[in-house]
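Okay, so here's the structure we're looking at.
Below, chain A is the first sequence line, B the second, and so on; all start at residue 1. Computed from a prediction, not measured in an experiment: that's the story for all the values here.
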Number of protein chains: 4
Amino acid sequence: MNFNTEKPIYLQIVDVISDRILSGELKGGDRIPSVREYGADIGVNPNTMMRSYEKLTADGIIYNKRGIGYFVADDARETVLRDQRKDFIEKEVPAIRQRMQLLGLDSSIFNA
Amino acid sequence: MNFNTEKPIYLQIVDVISDRILSGELKGGDRIPSVREYGADIGVNPNTMMRSYEKLTADGIIYNKRGIGYFVADDARETVLRDQRKDFIEKEVPAIRQRMQLLGLDSSIFNA
Amino acid sequence: MNFNTEKPIYLQIVDVISDRILSGELKGGDRIPSVREYGADIGVNPNTMMRSYEKLTADGIIYNKRGIGYFVADDARETVLRDQRKDFIEKEVPAIRQRMQLLGLDSSIFNA
Amino acid sequence: MNFNTEKPIYLQIVDVISDRILSGELKGGDRIPSVREYGADIGVNPNTMMRSYEKLTADGIIYNKRGIGYFVADDARETVLRDQRKDFIEKEVPAIRQRMQLLGLDSSIFNA
DNA sequence: GTGGTCTAGACCACC
DNA sequence: GTGGTCTAGACCACA
């Protein structure tokens, strides 16, 4: 996988997994690979992988069954959708609007 | 000044100065304060200030006159505007559009 | 290491590393020592080392893997060669030719 | 005048005056403008101008008549020619040859 | 372990 | 006075 240098890798992985849930590729109850397996798969240190899983767990997106593995929460898609929408609308939209104004751009650039 | 912890201080200073140029508060040819002066002003170490000036110089926004100080480039506003627009349109817009689609939102949220 | 006082140390280090790449001693993909290690090695502060690495990164000669270290870019040798040739031919050659003419010398002094 | 940022202004002025002597534009016995006059002319601080004259005086290229002004030395052209040739042949030529070898260039670039 | 940022303080050349 | 470089030492996030 190609990671961008500006953002921590573990957060980029969180984004990828969240997107897979949003798109329906991963569903509630699905097991996700172990940190070792997934880490080896995408060429990342298991510690880093672990941090991603911890973050997803803290956010209620996945949960752990001890000795078995990590699973997608039943309401994962709803949670991701709700959290991201809230974040997007409350934080990003105002920043984007301000920036567009400063740069003399208007929202039509999103329609093209 | 209040700095945000997510982004390096020296880059936040770059943003502030860029915005002052965009808004017309700083114009081509204007001298900007010395690293010591500006640093004392906003409670930042002169070395940190220097990093901001180095970045702005590398971007062609300001230039140095030896032993005298830093000055706003004649075409600074155009440069800032062009660079930021390019960055916004090429990098942010596609990411935003993709995210909106995934979240089931449309561009009308930017019109309200 | 012996540094010359006329040129900043961090740029002299950039030159040394560039030359090691040009000569083939360092190849694409090779890891270069950490700022602490290399710094201790040549008796220079890690911050100074960092400046050298920043410059090399900005020039596309090396790149960083987060938390791991710096690596020589795959096309580093080509980049160094191209950049230095360009600089030499466009900037130095005209200056040298002018100076030789003024001093009444000709290019045979380079053949001896 | 346009000064380059890499080299001290006072040395760039020394170069200009040396070149004017080499080219025959300034001859032995000619008076050169006062530091104030010359400085105003090229937009430079008189202190800076003074440093140039001091350097040229130390090198035996010009001399001062107290209360009258600075004059080009009778043997100025010979001195400049000798000093610059020595410097060029002993210091620059070896460096240039080494660099050309590293870059895979040959002296024909000076003939074109 | 790695880099990245920041502070404090110093020294220097230059204008 | 100005910037520019360098050191020392600290703290932090990330892998």
Which atoms of nucleotides 9-11 of chain E (N or O only) lie under 3.5 Å from a protein N or O atom, and what are those distances?
from, atom 1, to, atom 2, distance (Å)
dG9(E), O6, N47(B), ND2, 2.8

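- OP1 and OP2 of dG1(E) both lie 4.0 Å or more from every side-chain N or O belonging to S34(C).
- For the pair R31(C) CZ and dA15(F) P, the interatomic distance rounds to 15 Å; values are reported in whole Å.
- Of the residues near DNA chain E, G43(B) and I68(B), the one whose nearest nucleotide (by heavy atom distance) lies more toward the 5' end is G43(B).
- The main-chain N or O of P46(D) is never found under 3.5 Å from a side-chain atom of R36(D) such that the two would form a donor-acceptor pair.
- As rounded to whole Å, 17 Å separates atom P of dT2(F) from atom CD of E54(B).
- One can place CG of N64(C) at 17 Å from P of dG1(E), the figure rounded to the nearest angstrom.
- Under the 3.5 Å distance criterion, the side-chain polar atoms of T48(B) are left unmatched by any main-chain donor or acceptor of Y10(B).
- Between the NZ atom of K55(C) and the P atom of dT5(F) there is a distance of 12 Å, rounded to whole Å.
- What separates NZ of K7(D) from P of dG3(F) is a distance of 24 Å, to the nearest Å.
- Remark: I42(D) CD1 to M49(D) CE distance equals 4.5 Å, nearest 0.5 Å.
- Here the P atom of nucleotide dT2(E) and the CD1 atom of I62(C) are 15 Å apart, to the nearest Å.
- For the pair K65(B) and I9(A), both in contact range of DNA chain F, the more 5′-proximal nearest nucleotide belongs to K65(B).
- Listed pair R51(A) / dC14(F) meets the phosphate criterion, a side-chain N or O lying under 4.0 Å from OP1 or OP2.
- In summary, E90(C) and K86(C) engage in a salt bridge, as defined by a charged side-chain N under 4.0 Å from a carboxylate O.
- At least one side-chain nitrogen or oxygen of R66(C) sits closer than 4.0 Å to the OP1 or OP2 atom of dA15(F).
- Here dC6(F) presents its C1' atom at 13 Å from CD of Q12(C), a figure rounded to the nearest Å.
- Put simply, the side chain of R66(C) gets close to the backbone of T5(A): a donor and an acceptor are under 3.5 Å apart.
- In this structure, Y53(B) and Y38(B) have perpendicular ring planes: the angle between them is above 60°, well past the 30° mark.
- Atom C1' of nucleotide dC14(F) and atom CD1 of I13(A) are separated by 12 Å, given to the nearest angstrom.
- Between the side chain of R77(B) and the backbone N or O of K27(B) there is no donor-acceptor pair closer than 3.5 Å.
- The 12-atom threshold is not exceeded at CD of Q98(C), counting heavy atoms of other residues, nucleotides or ligands nearer than 6.0 Å.
- At distances below 3.5 Å, not a single donor-acceptor pair connects side-chain atoms of N64(B) with backbone N or O atoms of F71(B).
- Side chain of V35(B), nearest nucleotide from dG3(F), dC6(F), dG3(E): dG3(F).
- One finds no side-chain N or O of Y10(C) lying less than 4.0 angstrom from the OP1 or OP2 phosphate oxygen of dC6(F).
- Residues satisfying the side-chain hydrogen bond (donor to acceptor under 3.5 Å, both in side chains) test with D15(B), not counting sequence neighbours, are K7(B).
- Counting only Watson-Crick or G-U wobble pairs whose defining distances are both under 3.5 Å, the stems of 3 or more consecutive pairs in DNA chain F are E:1-14 with F:1-14.
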